[in-house]
Enquirer: 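First, the structure itself, so that you have it in front of you.
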Amino acid sequence: MTAGNIRRATLGILAALLCASLLGTDHPATATPSSAVPLLEEATPPANAVLTEPVDWVYLTFDRLINTFSIRVTGPNGHDVARDNAIVKHDMISQPLHTLTQPGTYRVTWQVIDLDGHQASGSHSFTITPGVTTTPENTATTPATTPHSVPPTAPPATNQSTITTPLAATIALSLLAGLTLLTMRRRRRVRASRAQRPDRT
């Protein structure tokens, strides 16, 4: 193989390594899978709370931004106790209520759709009992069933690069060193052969 052929082959390999290193930089090795349906992270009043103070608002906080929603709060007699339309801001739904003072159990029923079109629904209840206070830890209540839930899409395939940028640089430097060494050796052989030829007069 002549020096020109070696040089062309080495340049081709270097170009391929450069492309591989750029692809490895632009595309992360592991893509984040799509999230599941919206989850209720916090409810105020909390699920199963037993309260002695009047209640005039219900707040629901989810794990993502909410696009479309519906919420209904009913009293012990099954009537709607909302005072006005609910408000959504980012990941929180706020529902104003007529001040709740009547003892009994109140139920909160909700349905939400996030920005990606994932749907979820659920419900929980709290109780107003004058003279007794038992407020459980305010954690999210996962509904027993979510008939409107849409399963998440399959996570995108993992995009992994077989050659990392540091490795590509190391290989490129090694190839350049090898090309330089071969070129120097060939020049020495040419010079030696020329020196051994008899002079023609």
Side-chain angles (χ1 to χ4, degrees), residues 23-161 164:
L23 289 174
T25 302
D26 292 342
H27 300 282
T30 304
T32 304
S34 302
S35 344
V37 296
L39 297 177
L40 177 63
E41 289 190 332
E42 184 177 355
T44 305
N48 304 319
V50 179
L51 310 171
T52 59
E53 299 294 331
V55 176
D56 50 12
W57 284 86
V58 163
Y59 302 97
L60 302 178
T61 303
F62 294 85
D63 65 341
R64 68 197 67 191
L65 299 179
I66 298 301
N67 184 32
T68 306
F69 72 96
S70 65
I71 182 173
R72 188 165 186 259
V73 183
T74 54
N77 54 9
H79 294 166
D80 196 323
V81 295
R83 173 169 49 86
D84 205 345
N85 293 331
I87 304 167
V88 63
K89 186 175 182 181
H90 305 305
D91 58 353
M92 176 183 288
I93 299 174
S94 304
Q95 174 64 67
L97 308 174
H98 294 290
T99 303
L100 307 181
T101 57
Q102 179 183 354
T105 299
Y106 295 81
R107 177 164 290 276
V108 181
T109 305
W110 54 267
Q111 180 178 359
V112 296
I113 302 176
D114 67 10
L115 298 180
D116 295 326
H118 298 145
Q119 304 179 27
S121 60
S123 64
H124 64 275
S125 60
F126 60 90
T127 302
I128 295 180
T129 304
V132 178
T133 303
T134 305
T135 305
E137 204 174 310
N138 194 350
T139 55
T141 302
T142 304
T145 57
T146 54
H148 302 286
S149 298
V150 177
T153 57
T158 300
N159 187 353
Q160 294 184 340
S161 176
T164 61

Enquirer: For the residue pair A82 and Q95, what are the closest heavy atoms and their distance?
Expert: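 Closest approach of A82 to Q95: CB-NE2, 3.3 Å.
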Enquirer: Which atom pair, heavy atoms only, marks the closest approach of W57 to S94?
Expert: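 Heavy-atom minimum between the residues: CZ3-CB, 3.8 Å.
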Enquirer: Say you draw a straight line from CG of D80 to CD1 of I71; how long is it, rounded to the nearest 0.5 Å?
Expert: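 These two atoms lie 10.0 Å from each other.
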Enquirer: Taking the side chain as everything from C-beta on, heavy atoms only, tell me whether Y106 gets closer than 4.5 Å to P76.
Expert: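 Yes; the side chains approach each other to less than 4.5 Å.
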Enquirer: Mind checking side chain to side chain contact (heavy atoms under 4.5 Å, CB included) for D91 and listing every partner two or more places apart, or none if nothing turns up?
Expert: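 Side chain to side chain contact (heavy atoms under 4.5 Å, CB included) list for D91, sorted by chain: T61.
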Enquirer: Between E41 and D63, which heavy-atom pair has the shortest distance, and what is it?
Expert: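 For E41 versus D63, the nearest heavy atoms are OE2-CB, 3.3 Å.
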Enquirer: If I take atom CD1 from residue I113 and atom OG from residue S70, how far apart are they, to the nearest 0.5 angstrom?
Expert: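 With rounding to 0.5 Å, CD1 (I113) is 8.5 Å from OG (S70).
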Enquirer: Given L100 and F126, is the side-chain contact (heavy atoms from CB on, under 4.5 Å) satisfied, shown in steps?
Expert: CA-CA 11 Å; L100 307 181; F126 60 90; 4.0 Å; yes
Enquirer: State, with a plain yes or no, whether a side-chain heavy atom of R107 is found less than 4.5 Å away from one of S123.
Expert: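 SC-SC contact between R107 and S123 confirmed.
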Enquirer: How close do P96 and A86 get, heavy atom to heavy atom, and via which atoms?
Expert: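 Shortest heavy-atom separation between P96 and A86 comes out as CD-CA, 4.2 Å.
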Enquirer: Does T101 reach the side chain of I128, with side-chain heavy atoms less than 4.5 Å apart?
Expert: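 Result no, sub-4.5 Å side-chain heavy-atom pair not found.
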Enquirer: Quick one: pull up NZ in K89 and CG in L65 and give me the separation to the nearest 0.5 Å.
Expert: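 Nearest 0.5 Å value for the NZ-CG distance: 12.5 Å.
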Enquirer: What closest approach, in Å, do L60 and A43 show between heavy atoms, and which atom pair accounts for it?
Expert: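 Scanning both residues completely, I find the closest heavy atoms to be CD2-CB, 3.9 Å.
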Enquirer: Checking I66 now: which residues fulfil side chain to side chain contact (heavy atoms under 4.5 Å, CB included) with it, not counting sequence neighbours?
Expert: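 I66 satisfies side chain to side chain contact (heavy atoms under 4.5 Å, CB included) with F62, F69, V88, V112 only.
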Enquirer: Looking at every non-hydrogen atom in both residues, tell me the closest pair between H118 and R64 and how far apart they are.
Expert: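 Nearest heavy atoms, H118 then R64: ND1-NH1, 3.9 Å.
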